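Every chain is numbered from 1 and lettered A, B, ... according to where its sequence line falls, protein lines coming before strand lines. The structure displayed is predicted, hence computed values, not measured ones.
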Amino acid sequence: MLRKKKKFYLTTAIDYINAPPHCGHALEKIQADVIARYHRLLGEEVFFLTGTDENSLKNVQAAKEEGIPVKKLVDRNAKRFYELKKALNLSFNDFIRTTEERHIKGAQKLWLACKKDIYKKTYRGLYCLGCEEFYQESELEDGLCPEHKTKPELVEEENHFFRLSEYQNQLKKIIEDDEVEIIPETRKNEVLSFINQGLEDICISRSAKRAHGWGINVPGDPSQKVWVWLEALSNYINALGYGENGENFQKFWQRNENKLHVIGKGIIRFHALYWPAFLLSAGLPSPNKIFVHGYLTIGGQKMSKSLGNIVDPFELVKKYGTDPVRYFLLREIPSTEDGDFTYDKFEQRYNSDLAKGLGNLVARTFTMVEKYCNGRVPEIDKDPDSHPLRIDKKIHNWKKAWQDVDNSLTVTYQFNEALSSIWKFITEADRYIEENRPWDLAQKRKKKELNWILYGLLDAIHQIAWQIFIFLPDTALKIAKALELEKILVENPNYKDSWTNIKPGTKIKKIEPLFPRI
RNA sequence: GCCGGGGUAGCUCAGUUGGUUAGAGCGUCGCACUCAUAAGGCGGAAGUCGUGGGUUCGAGCCCCACCCUCGGCACCA
């Protein structure tokens with residue numbers, strides 16, 4: 001048993017915190033959480049990181065609007081993001097803020113490691129004083145700032161630049177060859193077509209004045225602040241202790257072929273091009289996979305402050321519970337595309353899949369065991385592994401469901417397909433009850449047959465608990481608890497060893513309906 | 001504008017290298033059942049497969065044109 005554990009490192013994007021978290025943030029965190037939980041289920045050593053991006057000028061502006069110090073604003077908002085952990089039952093191991101010392105130290109170390117590719121150049125651009133941002137000419141409307149309708153000024157500033165152009169061919173190769181695998185493929189193609197247009201050097205600093213003194217200093221040049229993206233990306237190694245060459249950095253970054261970034265479609269270029277380029281420059285290994293998810297829309301519209309359609313994940317959880325929120329986002333939203341949220345859709349999913357599906361199956365099975373078997377797991381005289389719910393090839397048996405779960409969580413990241421497969425099995429279990437009519441068997445006192453049927457159903461429910469453990473952890477535990485399997489699920493979750501854990505004679509604990517109908 | 005996805009039942013989508021009556025889930029309607037959260041099962045209705053041409057013995061799948069929609073097009077999650 002001294003076999004070395006496989007390692008797995010995954011991260012989410014670190015969020016801008018000039019506003020509180022919304023459901024789109026929740027979607028990404030939950031997706032990453034499920035992946036992390038699955039790899040733990042496989043017995044791997046998992047390090048799951050998330051955090052906040054706090055050096056942006058947007059925070060300075062937001063603080064100004066509220067009339068509070070920037071530090072106060074980021075502290076308060078970062079806390080809100082951290083609180084998603086409890087609300088959504090996230091299992092991340094670390095939460096990094098880019099205002100932390102360990103991050104600043106690492107970001108500056110990375111800058112110095114890239115030194116050979118950094119040079120100074122005068123940058124000239126159209127700058128809107130109101131937005132405090134540079135604009136491309138193509139972004140202007142009639143030569144005016146789209147936000148303020150004012151004419152931007154031509155501003156010159158000496159900045160540091162990074163020789164991205166030097167890495168064009170290398171980047172093209174590692175992406176084409178899936179050394180850095182981009183999922184789904186359409187995103188990979190987008191990145192490649194972007195490279196094919198030719199890569200230019202990028203500006204990686206701005207004047208401290210323009211940044212209002214907020215941000216991380218360029219090493220050796222206090223008049224300049226590090227461009228937020230360069231330092232933000234470095235959070236992925238800083239949290240592992242890159243700054244002080246820590247043990248986790250060696251273990252999870254340097255000597256690990258399983259590094260995954262989970263991000264939204266809007267920031268793919270930074271992750272698929274700039275980040276690997278910085279790492280190449282610094283002589284560090286690249287991430288192995290980048291999974292790009294879509295965005296959440298609300299009633300078909302983009303979530304936005306001005307539309308006032310932002311859905312607060314905390315309120316949603318308060319109203320419906322953690323697992324239903326996790327279930328909806330994972331089941332209803334195709335992970336690689338945009339997906340839509342409405343309360344109607346939410347409640348429909350809740351009722352049809354959770355209340356009438358899983359919840360009802362558990363309730364009816366437990367009641368029959370209560371009535372016909374004195375509430376105990378029945379004795380059987382056959383091999384559990386010959387039970388049709390496990391092996392019948394004509395039905396969508398639970399072994400098939402496991403295959404789909406595995407494929408979804410290690411290859412395609414289509415969580416909806418995994419859940420759909422598990423729920424197909426739930427339907428099979430319901431059908432199995434209907435076909436075998438345990439109530440008739442009980443009346444005819446066909447004890448042996450009845451036991452076999454009910455044992456198979458309990459076994460199926462036990463298996464479902466294992467399968468949904470990564471998606472709906474609380475629900476899985478409730479079921480496992482009723483079956484007196486909670487300890488095994490928590491402490492030794494490896495599913496391959498769990499197939500015969502249902503013990504005849506075990507008293508089934510009564511439980512409340514898992515998902516009361518709305 | 002350029003490049004790339006899509007447009008298939010009320011809704012969300014599957015449809016393999018072109019081949020007989022186009023599929024699933026949800027919703028809806030009907031039937032029988034009763035262990036269950038008025039849940040579950042079975043059955044039915046429902047589609048001129050974006051439009052117009054073309055290739056072919058045969059096209060949702062191939063070609064052309066057009067319409068609509070979504071995404072990408074550098075320092076902006």
Polar pairs (N or O, both sides) under 3.5 Å between protein and nucleotides 26-31 of chain B?
none

Taking side chain to side chain contact (heavy atoms under 4.5 Å, CB included) as the test, write out the residues that go with Gln170(A), two or more places apart. Tyr167(A), Leu280(A)

Categorize Leu273(A) for me: base, sugar-phosphate, or nothing, with a 4.0 angstrom heavy-atom threshold over every strand shown. nothing

With sequence neighbours left out, what residues match Pro219(A) under side chain to side chain contact (heavy atoms under 4.5 Å, CB included)? Gln108(A), Trp111(A), Leu112(A)

Salt bridge (charged side-chain N to carboxylate O under 4.0 Å, His left out) filter on Lys509(A), not counting sequence neighbours, yields Glu484(A)

Closest to the Arg437(A) side chain, choosing from A74(B), C33(B), G40(B): C33(B)

Pairs under 3.5 angstrom, nitrogen or oxygen only, protein versus nucleotides 42-44 of chain B, please.
from, atom 1, to, atom 2, distance (Å)
C42(B), OP1, Arg431(A), NE, 2.7

Just checking Glu200(A): base, sugar-phosphate only, or nothing, at a heavy-atom cut-off of under 4.0 Å? base

Taking only residues two or more places apart in sequence, or in another chain, which ones meet Ala62(A) in a side chain to side chain contact (heavy atoms under 4.5 Å, CB included)? Asn18(A), Leu73(A)

According to salt bridge (charged side-chain N to carboxylate O under 4.0 Å, His left out), who are the partners of Arg364(A), at least two apart in sequence or on a separate chain? Asp430(A), Glu434(A)

Considering every strand and a 4.0 Å limit on heavy-atom distances, what is the contact class for Trp227(A): base, sugar-phosphate, or nothing? sugar-phosphate

Partners meeting salt bridge (charged side-chain N to carboxylate O under 4.0 Å, His left out) with Lys424(A) (sequence neighbours left out): none

Is the shortest side-chain N/O distance from Arg206(A) to OP1 or OP2 of C76(B) below 4.0 Å? yes

Describe, in one word, how the ring planes of Tyr236(A) and His271(A) are oriented to each other, choosing from parallel (under 30°), tilted (30 to 60°) and perpendicular (over 60°). tilted

Report yes if a side-chain nitrogen or oxygen of Lys371(A) is closer than 4.0 Å to either non-bridging phosphate oxygen (OP1 or OP2) of A36(B); otherwise report no. yes

Could a donor-acceptor pair under 3.5 angstrom be found where the side chain of Glu434(A) meets the base of G40(B)? yes

Base, sugar-phosphate or nothing for Thr367(A)? Non-hydrogen atoms, less than 4.0 Å. sugar-phosphate

Counting any heavy atom closer than 4.0 Å, what does Gly264(A) reach on the DNA or RNA strands: base, sugar-phosphate only, or nothing? nothing

For Tyr16(A), the ring pair (Phe, Tyr, Trp, His ring centres under 6.0 Å) test, sequence neighbours excluded, returns none

With sequence neighbours left out, what residues match Pro378(A) under side chain to side chain contact (heavy atoms under 4.5 Å, CB included)? Cys373(A), Asn451(A), Leu454(A), Tyr455(A), Leu458(A)

Contact class for Phe194(A) vs. all strands (heavy atom < 4.0 Å): base, sugar-phosphate, or nothing? base

Report the residues that fulfil salt bridge (charged side-chain N to carboxylate O under 4.0 Å, His left out) with Asp474(A), sequence neighbours left out, ordered by chain and then residue number. none

Give the nucleotide from the list A74(B), U37(B), C76(B) with an atom nearest to the side chain of Phe270(A). C76(B)

Under the rule of Watson-Crick or G-U wobble with both distances under 3.5 Å, where | means paired to another strand and [ ] a crossing pair, RNA chain B maps to (((((((..((((.....[...)))).((((.........)))).....(((((..]....))))))))))))....

